[in-house]
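Single-structure report; data block below.
Basis for what follows: all heavy atoms, side chains included, without hydrogens, waters or symmetry-related copies. Here the structure is a predicted model, which means the values were calculated and not measured.
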Amino acid sequence: MKIAVLPGDGIGPEITAEAVKILNALGEKFELEEAPVGGAGYEAQGHPLPDSTLALARQADAILFGAVGDWKYDKLERALRPEQAILGLRKHLQLFANFRPAICYPQLTGASSLKPEIVSGLDILIVRELNGDIYFGAPRGLREAPDGPFAGAKEGFDTMRYSEPEVRRIAHVAFQAAQKRQKKLTSVDKANVLETSQLWRDTMIEVAKEYPDVELSHMYVDNAAMQLVKAPKAFDVVVTGNMFGDILSDEAAMLTGSIGMLPSASLDKDNKGLYEPSHGSAPDIAGKGVANPLATILSAAMMLRYSLGKAEQADRIESAVKKVLEQGYRTGDIATADGKVVGTKEMGDAVLKAL
Ligand code: NAD
């Protein structure tokens, strides 16, 4: 099995190195091949997603991605900026299903901004559609408003679009994920206002007939935002579109204490996927050896479970992460009064030892 390793920029190389260390210790015959991406791709080959990196990503069974971006590239034209690499990979590889688990480990309840009793034991999964919606819908642009009270003024416009097959495919992914958990699926939309959301809801209800063991409910996005901070443990799996998912998954991330703990997976129709921490390249702490590698290590665990068919190895890694938290190891972002603050490498070593 071939794994493309794309460390990227900022803390990307530091945290990816720790995940690679863990993968290499599992006793499996993985072939790991590294390639530059993001700012590193631009420096090496003049493009954030060099052709050779894209070719490797296509050829591999799974992709382990660090993070991309640095302030020093902010002046480059948009097409050459590091962030285009991740958008390009999602588009070229048709990675349409984004999985973001939000788990609040008991040892870290104090690190959350919510009361411990609200988040303790939290384990929810957000499934976000990644290829459609207002982020990609055409037409879009800037123009002179053709009508309305502000006719003639400069206006911006975007188009929210979802086709039925597009909703169907993410619905199947979400129902199947719910089947493997508590069998409760909440579909989040804005069907009281948006036609796109009405189609979304109707399609979810249709697909639900194929999954009688899963309990489907619907929630408007504004209410979902409220419920996520009021009673987050009432959710099991949440499925939603690209924009609502973007916002709700960051909200859910904060329930757990630190974005440095949150892995993610972006899958295609055959479960080939790109696995990355939910955070960015953290240029403010890059090179200091203090970044939390656990989100990347947990992303590697998701890769084993979803793309490589090695669920028992994923369990081993997740148990090892729980163990180091129990032992009191903490990077700065999750520091608690009773914890032992360590750097990136020491945290990786502790997981390795626990494994
Ligand atoms: P960020 O996630 O990089 O950082 C936000 C804050 O969280 C910072 O204070 C950072 O130090 C901290 N942080 C993030 N990850 C951490 C970790 N593992 N351990 C400890 N602390 C951690 O977001 P940002 O500052 O808004 O963006 C920085 C760069 O990352 C930008 O160029 C942005 O475009 C890019 N970005 C990339 C991705 C991606 O690669 N998928 C995602 C988001 C942002």
Does [X] share a hydrophobic cluster with [Y], counting links as ILVMFWY side-chain heavy atoms below 4.5 Å and allowing steps through other members?
{"X": "Met226", "Y": "Val188", "value": "no"}
{"X": "Leu194", "Y": "Met243", "value": "yes"}
{"X": "Tyr329", "Y": "Val341", "value": "no"}
{"X": "Leu93", "Y": "Val37", "value": "yes"}
{"X": "Val68", "Y": "Leu80", "value": "no"}

Do [X] and [Y] have side chains that get closer than 4.5 Å, going by heavy atoms?
{"X": "His279", "Y": "Asp333", "result": "no"}
{"X": "Glu166", "Y": "Ile170", "result": "no"}
{"X": "Leu325", "Y": "Arg330", "result": "yes"}

Is it the case that over 12 heavy atoms from other parts of the model lie below 6.0 angstrom from the [atom1] atom of [X]?
{"X": "Lys183", "atom1": "NZ", "answer": "yes"}
{"X": "Phe157", "atom1": "CZ", "answer": "yes"}
{"X": "Arg143", "atom1": "CZ", "answer": "yes"}
{"X": "Asn192", "atom1": "CG", "answer": "yes"}
{"X": "Arg181", "atom1": "CZ", "answer": "yes"}
{"X": "Tyr42", "atom1": "OH", "answer": "no"}
{"X": "Gln45", "atom1": "CD", "answer": "yes"}

Short side-chain donor-acceptor distance under 3.5 Å, Ser307 and Asn271: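 On atom types as modelled, these side chains do not qualify, holding no pair under 3.5 Å.
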Pair Tyr73, Asp9: side-chain N/O donor-acceptor within cut-off below 3.5 Å: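 On atom types as modelled, these side chains do not qualify, holding no pair under 3.5 Å.
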Heavy-atom pair of closest approach, residues [X] and [Y]:
{"X": "Pro263", "Y": "Ser278", "answer": "O-OG, 3.4 Å"}
{"X": "Pro82", "Y": "Gly39", "answer": "CB-N, 3.5 Å"}
{"X": "Lys269", "Y": "Phe96", "answer": "N-CE2, 3.5 Å"}
{"X": "Thr331", "Y": "Ala291", "answer": "CG2-O, 3.9 Å"}
{"X": "Pro232", "Y": "Ile118", "answer": "CD-CG2, 3.4 Å"}
{"X": "Asn131", "Y": "Asn242", "answer": "N-ND2, 4.1 Å"}

Residues Tyr220, Val193; criterion side chain to side chain contact (heavy atoms under 4.5 Å, CB included); working and verdict: CA-CA 10 Å; Tyr220 297 135; Val193 179; over 6 Å; no
Geometric class of the Tyr162/Trp200 ring pair [parallel <30°, tilted 30-60°, perpendicular >60°]: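 Rings of Trp200 and Tyr162: tilted, as their planes differ by 30° to 60°.
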Counting only N and O atoms by type, is there a donor-acceptor contact under 3.5 Å from the side chain of [X] to the main-chain atoms of [Y]?
{"X": "Thr256", "Y": "Ala253", "answer": "yes"}
{"X": "Arg161", "Y": "Gly132", "answer": "no"}
{"X": "Asn98", "Y": "Ala265", "answer": "yes"}
{"X": "Thr16", "Y": "Gly12", "answer": "yes"}
{"X": "Arg201", "Y": "Ser187", "answer": "no"}
{"X": "Glu33", "Y": "Leu56", "answer": "no"}

Pairs involving residues 313-325, ordered by first then second residue, that meet salt bridge (charged side-chain N to carboxylate O under 4.0 Å, His left out) (sequence neighbours left out): Arg305-Asp315, Arg305-Glu318
Nearest-0.5 Å distance, [atom1] of residue [X] to [atom2] of residue [Y]:
{"X": "Arg168", "Y": "Glu206", "atom1": "CZ", "atom2": "CD", "result": "6.0 Å"}
{"X": "Ile317", "Y": "Leu23", "atom1": "CD1", "atom2": "CG", "result": "6.0 Å"}
{"X": "Gln176", "Y": "Tyr211", "atom1": "CD", "atom2": "OH", "result": "3.5 Å"}
{"X": "Met254", "Y": "Leu262", "atom1": "CE", "atom2": "CG", "result": "9.0 Å"}
{"X": "Ile63", "Y": "Tyr275", "atom1": "CD1", "atom2": "OH", "result": "9.0 Å"}
{"X": "Arg169", "Y": "Ser163", "atom1": "CZ", "atom2": "OG", "result": "8.0 Å"}

Result of checking Thr196, Thr240, Asp222 against Lys190 for side chain to side chain donor-acceptor pair (under 3.5 Å):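 Among the candidates, only Asp222 passes.
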Lys/Arg-Asp/Glu bridge criterion (N-O < 4.0 Å) met for Asp250, Arg100: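 Salt bridge between Asp250 and Arg100, a charged N being under 4.0 Å from a carboxylate O: yes.
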Show which side-chain atoms of residues 346-355 pair as donor or acceptor with protein atoms under 3.5 Å away, not counting sequence neighbours.
residue, atom, partner, partner atom, Å
Glu346, OE1, Gly343, N, 3.2
Asp349, OD1, Lys21, NZ, 2.6
Asp349, OD2, Lys345, NZ, 3.3

Criterion side chain to side chain contact (heavy atoms under 4.5 Å, CB included) on Glu276 and Ile86, from CA distance to verdict: CA-CA 10 Å; Glu276 58 170 335; Ile86 186 72; 3.7 Å; yes
With Glu31 via salt bridge (Lys or Arg N to Asp or Glu O under 4.0 Å) - residues at least two apart: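 Scan of Glu31 (salt bridge (Lys or Arg N to Asp or Glu O under 4.0 Å), adjacent residues dropped) gives Lys2.
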Name of the residue among Thr186, Val238, Leu228 meeting side chain to side chain contact (heavy atoms under 4.5 Å, CB included) with Ile124: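 Running side chain to side chain contact (heavy atoms under 4.5 Å, CB included) over Thr186, Val238, Leu228 with Ile124 returns exactly one hit, Leu228.
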